Amino acid sequence: VQLQASGGGMVQAGGSLRLSCVASGRTPSNYHMGWFRQAPGKEREFVCLISGSGRLTNYADSVKGRFTISRDVAKNTVYLQMNSLKPEDTAVYYCAASSVWSTRTTSYNSWGQGTLVTVSS
């Protein structure tokens, strides 16, 4: 499966952005989709994920209540709505696909190219 992420940009603290991730190629409907992020000098970290059906979600504590993941199965697209953004949310955001329900980067075998989110104070 090929993934294409978009929607990053620069925003002031307290602002909002919506990221999109379009899947193409072989995209089994039961693939779980995750968002991860990597800040400069830091390891890639889990942000959130959504089940193939879209009924289950899981969020990192750092974004819970501010970020919302959703998916449009018909459009093969996953969204990440980010509200109340903070400077510490600045990172390259990656979408990824996995056949297992996991928050570990090693469980994901397909990755998008990343989109940069910059939050200024």
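Only this structure's heavy atoms are used, side chains among them; waters, hydrogens and symmetry mates stay out. Values in this document were obtained by computation on a predicted structure and should not be read as measured data.
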Using only atom types and a distance under 3.5 Å, with no angle test, would you say the side chain of Thr77 pairs donor to acceptor with the backbone of Lys75? yes
Is there a side-chain contact between Met82 and Leu80 in this structure, where contact means two heavy atoms from C-beta onward sitting under 4.5 Å apart? yes
Show every salt bridge (Lys or Arg N to Asp or Glu O under 4.0 Å) that has at least one partner inside residues 89-99, sequence neighbours left out. Arg37-Asp89, Arg66-Asp89
Within one Ile-Leu-Val-Met-Phe-Trp-Tyr cluster: Val1 and Tyr93, side-chain cutoff 4.5 Å: yes
Are any non-hydrogen side-chain atoms of Tyr59 and Val47 less than 4.5 angstrom apart? no
Contact summary for Ala13 and Pro87, nearest pair of heavy atoms: CB-CD, 4.1 Å
Non-hydrogen side-chain atoms of Tyr94 and Leu3 separated by less than 4.5 Å: no
Taking side-chain hydrogen bond (donor to acceptor under 3.5 Å, both in side chains) as the test, write out the residues that go with Thr57, two or more places apart. none
Mind checking ring-ring contact (aromatic ring centres under 6.0 Å, His included) for Phe67 and listing every partner two or more places apart, or none if nothing turns up? none
OG-CZ distance between Ser51 and Arg71, expressed to the nearest 0.5 angstrom: 7.0 Å
Expected output: side-chain His32 to main-chain Gly52 donor-acceptor under 3.5 Å: yes
Could you tell me if the side chain of Gln38 sits less than 4.5 Å from the side chain of Glu45, heavy atoms only? no
Output every pair passing disulfide bond (SG atoms under 2.5 Å apart) with a member in residues 88-121, not counting sequence neighbours, ordered by first then second residue. Cys21-Cys95
side-chain hydrogen bond (donor to acceptor under 3.5 Å, both in side chains) pairs, two or more places apart, involving residues 103-115: Ser102-Ser107
For Lys64, check salt bridge (charged side-chain N to carboxylate O under 4.0 Å, His left out) against everything at least two apart and list the hits. Asp61
With sequence neighbours excluded, tell me which residues meet side-chain hydrogen bond (donor to acceptor under 3.5 Å, both in side chains) with Arg18. none
With sequence neighbours left out, the residues meeting side chain to side chain contact (heavy atoms under 4.5 Å, CB included) with Thr118 are Met10, Thr90, Leu116
Pairwise ring pair (Phe, Tyr, Trp, His ring centres under 6.0 Å) hits with a residue in residues 37-58, at least two apart: Phe36-Phe46
List the atom of Asn58, the atom of Trp101, and the distance in Å for their closest heavy-atom pair. CB-CZ2, 4.0 Å
Who passes side chain to side chain contact (heavy atoms under 4.5 Å, CB included) against Val11, sequence neighbours left out? Leu17, Leu85, Val119
Nearest-0.5 Å distance, OG of residue Ser99 to OH of residue Tyr31: 5.5 Å
Test of understanding: with side-chain hydrogen bond (donor to acceptor under 3.5 Å, both in side chains), list the residues that count as partners of Gln81, not counting sequence neighbours. Asn83
Side chains of Trp35 and Leu49: does their closest heavy-atom pair fall under 4.5 Å? no
I'd like to know if Tyr79 and Met33 are part of one continuous hydrophobic network [Ile/Leu/Val/Met/Phe/Trp/Tyr, side-chain heavy atoms within less than 4.5 Å]. no
